[in-house]
Amino acid sequence: QVQLVESGGGLVQVGGSLRLSCAASGRTFSSAAMGWFRQAPGKEREFVAAISWSGARTYYADSVKGRFTISRDNSKNTVYLQMNSLKPEDTAVYYCAARNTYGLPTKINEYAYWGQGTQVTVSS
């Protein structure tokens, strides 16, 4: 069982930066792939980024590639999402997710555990 708690969301101006954190409980975090997803008002939840259990592999949605960086610290049971050059279209609730796998899942239905989400609002 893995429990996830996101933090770090907030209001930021266009071009600004935020770093989201996702703290995980449970002994299986170090063997879990982690992902970030987001859901804007009136839209479906979408994939943002994923990182493998060791941190050696990452994958990004095209919309955030080059602006966002996912990382993890297994000693702290935490995964991060550094978001730079933010745009109004990045406004959404951001969720972190976990799955006990050595793969690199990118689909919503591939993840077993979800956090409650943190709001990110980018103002123009």
- Message: Between Val12 and Tyr94, is there shared hydrophobic-cluster membership here, with clusters defined by ILVMFWY side-chain heavy atoms closer than 4.5 Å?
- Response: yes
- Note on the structure: Which of Leu20, Leu18, Val93, Leu81 passes side chain to side chain contact (heavy atoms under 4.5 Å, CB included) with Thr118? Answer is Leu20
- At what distance, to the nearest 0.5 angstrom, does CD1 of Ile51 lie from CZ of Arg57? 10.5 Å
- Note on the structure: When every non-hydrogen atom of Ala32 is compared with those of Asn100, the smallest separation belongs to CB-OD1, 3.5 Å
- Message: If you apply the rule side chain to side chain contact (heavy atoms under 4.5 Å, CB included), what do you find for Trp53 with Thr101, and how did you get there?
- Response: CA-CA 7 Å; Trp53 68 277; Thr101 177; over 6 Å; no
- Test applied, side-chain hydrogen bond (donor to acceptor under 3.5 Å, both in side chains); reference residue, Ser75; option that passes from Thr78, Asn77, Asp73: Asp73
- Query: Roughly how far, to the nearest 0.5 Å, is the OG atom of Ser21 from the CZ atom of Arg72?
  - Reply: 13.5 Å
- Without swapping roles, check the side chain of Gln119 against the backbone of Gly10 for a donor-acceptor pair under 3.5 Å. no
- Message: So does Gln82 get a backbone contact from the side chain of Arg67, meaning a donor-acceptor N/O pair under 3.5 Å?
- Response: no
- Say whether Ser17 and Asn84, considering side chains only, have a donor N or O and an acceptor N or O under 3.5 Å apart. yes
- For the residue pair Tyr111 and Phe37, does the interplanar ring angle fall in the parallel (under 30°), tilted (30 to 60°) or perpendicular (over 60°) class? perpendicular
- Task: Measure across Pro105 and Ala33 and return the closest heavy-atom pair with its distance rounded to 0.1 Å.
- Result: CD-CB, 3.6 Å
- Short question: side chain of Glu6, backbone of Cys22 - any donor-acceptor pair under 3.5 Å? no
- Query: Does atom CD of Glu44 have more than 12 heavy-atom neighbours from other groups under 6.0 Å away?
  - Reply: no
- Message: For a 4.5 angstrom cut-off between non-hydrogen side-chain atoms, does Ile108 reach Trp114?
- Response: yes
- Query: side chain to side chain contact (heavy atoms under 4.5 Å, CB included) between Phe68 and Thr58: does it pass, once the steps are laid out?
  - Reply: CA-CA 11 Å; Phe68 290 11; Thr58 58; over 6 Å; no
- Give a yes or no on whether the ring-centroid distance for Phe47 and Tyr60 is below 6.0 angstrom. no
- Item | Distance, nearest 0.5 Å, that separates CE of Met34 from CG of Asn74 | 9.5 Å
- The complete set of salt bridge (charged side-chain N to carboxylate O under 4.0 Å, His left out) pairs with one or both residues in residues 97-114, sequence neighbours excluded, reads none
- Message: With heavy-atom distances below 4.5 Å as the criterion, would you say the side chains of Val64 and Arg38 are in contact?
- Response: yes
- Begin from the C-alpha positions of Ser31 and Tyr102 and carry the test side chain to side chain contact (heavy atoms under 4.5 Å, CB included) through to its verdict. CA-CA 7 Å; Ser31 62; Tyr102 293 117; 4.1 Å; yes
- Is it true that Lys65 and Asp62 make a salt bridge, defined as a side-chain N closer than 4.0 Å to a carboxylate O? yes
- Message: For a quick check under 3.5 Å, do Arg19 and Tyr80 share a side-chain donor-acceptor pair by atom type?
- Response: no
- Message: Given the ring of Tyr95, does Arg45 sit roughly above its face, with NZ or CZ under 6.0 Å from the centre of the six-membered ring and within 45° of the axis?
- Response: yes
- Between OG on residue Ser63 and CD on residue Glu89, distance to nearest 0.5 Å: 9.0 Å
- Task: Give, for atom CE of Met83 and atom CH2 of Trp36, the distance between the pair rounded to the nearest 0.5 Å.
- Result: 8.0 Å
- Hydrophobic cluster identity match, Ile70 and Leu104, side-chain contacts under 4.5 Å: no
- Looking at residues at least two apart in the chain, or sitting in another chain, which of them share a side-chain hydrogen bond (donor to acceptor under 3.5 Å, both in side chains) with Ser124? none
- Closest non-hydrogen atom pair between Leu11 and Ser123, with its separation: CD1-CB, 4.1 Å
- Query: Do other residues, nucleotides or ligands put more than 12 heavy atoms under 6.0 Å from the CD atom of Gln39?
  - Reply: yes
